[in-house]
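Below, chain A is the first sequence line, B the second, and so on; all start at residue 1.
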Number of protein chains: 2
Amino acid sequence: MILNPRPADAAPAAHDRVYRALRGRIMQGDLPPGEGLTLRGIGSEYEVSMTPAREAVRRLVAEGALTMSSSGRVSTPELSNERIEELAALRALIEVELASRALPRAHMALIERMQTINATIAEAVAHRDAASYIRTNLEFHRTLYLRAQAPAMLAMAETVWLQMGPTMRALYGRLRKTEPPHFHRLIIAALRAGDEPGLRLAVRSDVTQGLRMLAS
Amino acid sequence: MILNPRPADAAPAAHDRVYRALRGRIMQGDLPPGEGLTLRGIGSEYEVSMTPAREAVRRLVAEGALTMSSSGRVSTPELSNERIEELAALRALIEVELASRALPRAHMALIERMQTINATIAEAVAHRDAASYIRTNLEFHRTLYLRAQAPAMLAMAETVWLQMGPTMRALYGRLRKTEPPHFHRLIIAALRAGDEPGLRLAVRSDVTQGLRMLAS
DNA sequence: TGAGCGGATTTGTGATCACAAGCAATCCAT
DNA sequence: ATGGATTGCTTGTGATCACAAATCCGCTCA
């Protein structure tokens with residue numbers, strides 16, 4: 001019985017390649033809010049026809065990563081403050097639960113890996129590299145949450161990240177921040193200590209800190 | 001400035017019509033888990049070509065309402081027990097928050113409407129009408145959550161419902177239940193009393209009761 | 001100077017087709 | 001009679017095209 005008919009080295013489907021490329025760019029804030037996209041433009045950029053471009057866009061719209069006007073034009077979303085607050089609240093709910101579930105499985109090797117990622121984040125902050133900052137920050141969280149063994153929850157969390165991508169870029173770009181992430185150290189400390197309430201608080205604080213930037 | 005260029009009475013786009021029809025059938029448990037779907041079959045059923053059928057399916061797959069094998073075949077998902085537990089936990093997290101946000105805005109008219117819906121649910125239970133039960137049960141919850149004024153959260157909750165649709169049908173179908181929903185009365189009572197902790201507990205209990213059916 | 005208008009262009013939508021891969025029923029050899 | 005190869009049908013994918021609607025740009029007229 002063949003379990004995985006598609007070999008790992010096979011060429012991925014065109015629509016999936018386009019989807020992944022666009023998704024990565026959106027999630028790490030490569031595209032500013034309100035950026036317009038056209039099917040023919042995407043198609044020529046990735047050297048495919050309109051069909052796979054349309055499927056990739058449709059999927060991203062379904063995930064909330066792109067918005068579609070009533071006439072079918074697609075663009076990156078421009079989030080209202082209310083929606084940003086909602087998405088931050090969702091992050092807090094879901095990611096606190098993910099962290100809590102990951103805690104009993106978080107061994108030393110994982111914590112050290114997170115510390116390494118955290119060092120990379122500090123570097124990105126020092127170099128004012130917003131894209132690298134966002135990408136590595138998400139990697140920090142994902143590394144922890146993968147241990148929760150909860151794929152549906154992780155997928156939900158990533159969907160929220162995706163929706164906030166363009167806005168995050170705009171927020172961090174306007175910010176003159178030099179200090180490395182404070183709450184990440186608290187997260188790591190709580191993991192070491194096996195301190196579940198402390199971990200929940202640290203994750204919630206880290207996730208909602210963007211809101212404070214917004215309010216200022 | 002034209003805010004909504006597409007009049008309300010205009011014919012909706014074909015792919016959207018197909019999407020809505022399939023979504024409704026999946027969410028209310030019309031399709032059993034593991035049911036296979038074909039693009040040409042969907043197309044002929046709704047009298048459209050493969051293109052809109054493909055877009056509707058692609059969107060439902062992105063939302064987790066359908067699964068796609070590595071060869072591209074689509075079917076309703078057969079959820080593992082671990083995934084059902086995850087989805088129930090997500091429902092508990094998100095819907096408790098939605099209920100909590102709706103509480104201060106829940107006026108008498110809303111509570112009475114929910115009681116009316118609850119009566120319809122009792123009828124569905126008495127008639128052993130699983131599809132009507134699921135549909136009306138979701139309407140009960142949605143009526144409350146709409147008051148939370150949190151569209152992103154509501155969308156997330158609906159996505160979870162969608163993923164559980166086929167499985168819910170299978171669960172309720174195998175159940176020999178005659179009593180109307182107990183926790184719905186607790187929800188209504190907590191709303192009347194303005195009792196937030198009680199409301200949170202009642203919603204959490206109602207949402208996770210399916211898990212107990214699964215364990216038995 | 002600016003608002004309204006008309007045509008040219010861009011853009012999304014849906015249908016159709018060619019193609020390759022999957023799947024199943026069939027047929028043959030042992 | 002049974003296990004395995006093979007043939008034919010089914011299915012998803014991607015390209016292309018026609019079409020309608022939206023958008024944009026330049027012009028005109030107040």
Is there a side-chain contact between [X] and [Y] (heavy atoms, below 4.5 Å)?
X        : Y        : value
B/Leu191 : B/Met114 : yes
A/Glu63  : A/Tyr19  : yes
B/His127 : B/Ser132 : no

query = Side chain of B/Met68: nearest nucleotide among D/dT13, C/dA15, D/dG14?
reply =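 Closest nucleotide among those given: D/dT13.
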
task = Looking only at side-chain atoms of B/Arg40, point me to the closest of C/dA15, D/dT11, D/dA15.
result =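 My answer, after comparing the listed nucleotides, is D/dT11.
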
query = How many Å lie between CG on A/Asp16 and P on D/dG12, as a whole number?
reply =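 About 17 Å, once rounded to whole Å.
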
request  = Go through the N and O atoms of the side chain of B/Ser71 and the base of C/dA21, and report whether any donor-acceptor pair is under 3.5 Å.
outcome  =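 In this structure, the two groups form no donor-acceptor pair.
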
message = Base of C/dG12, side chain of A/Arg73 - is there a donor-acceptor contact under 3.5 Å?
response =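 No, the side chain and the base share no sub-3.5 Å donor-acceptor pair.
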
ask   = Given that B/Val74 and A/Ser69 both sit by DNA chain D, which one's nearest nucleotide is further toward the 5' end?
value =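 Counting from the 5' end, the first nearest nucleotide belongs to B/Val74.
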
inquiry  = Need to verify one output field. Residue with the more 5' nearest nucleotide on DNA chain D, A/Ser49 or B/Gly41?
reply    =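 Closest to the 5' end, via its nearest nucleotide, is B/Gly41.
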
request  = Considering non-hydrogen atoms only, spot the tightest contact between B/Ala148 and B/Leu98 and give its length.
outcome  =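 Where B/Ala148 meets B/Leu98 most closely, the heavy atoms are CB-O, 3.4 Å.
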
inquiry  = For C/dT13 and A/Arg58 - does any side-chain N or O of the residue sit under 4.0 Å from the phosphate oxygens OP1/OP2?
reply    =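 Yes, such a contact exists.
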
query = Side-chain N or O of A/Thr51 less than 4.0 angstrom from OP1 or OP2 on D/dG14?
reply =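 Result: no.
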
task = Pick base, sugar-phosphate or nothing for B/Thr38, based on heavy-atom distances below 4.0 Å to the nucleic acid.
result =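 The residue B/Thr38 makes sugar-phosphate contact but no base contact.
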
query = Base, sugar-phosphate alone, or nothing: which one does A/Leu37 contact when heavy atoms must sit under 4.0 Å apart?
reply =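 A/Leu37: backbone/sugar contact only, no base atoms under 4.0 Å.
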
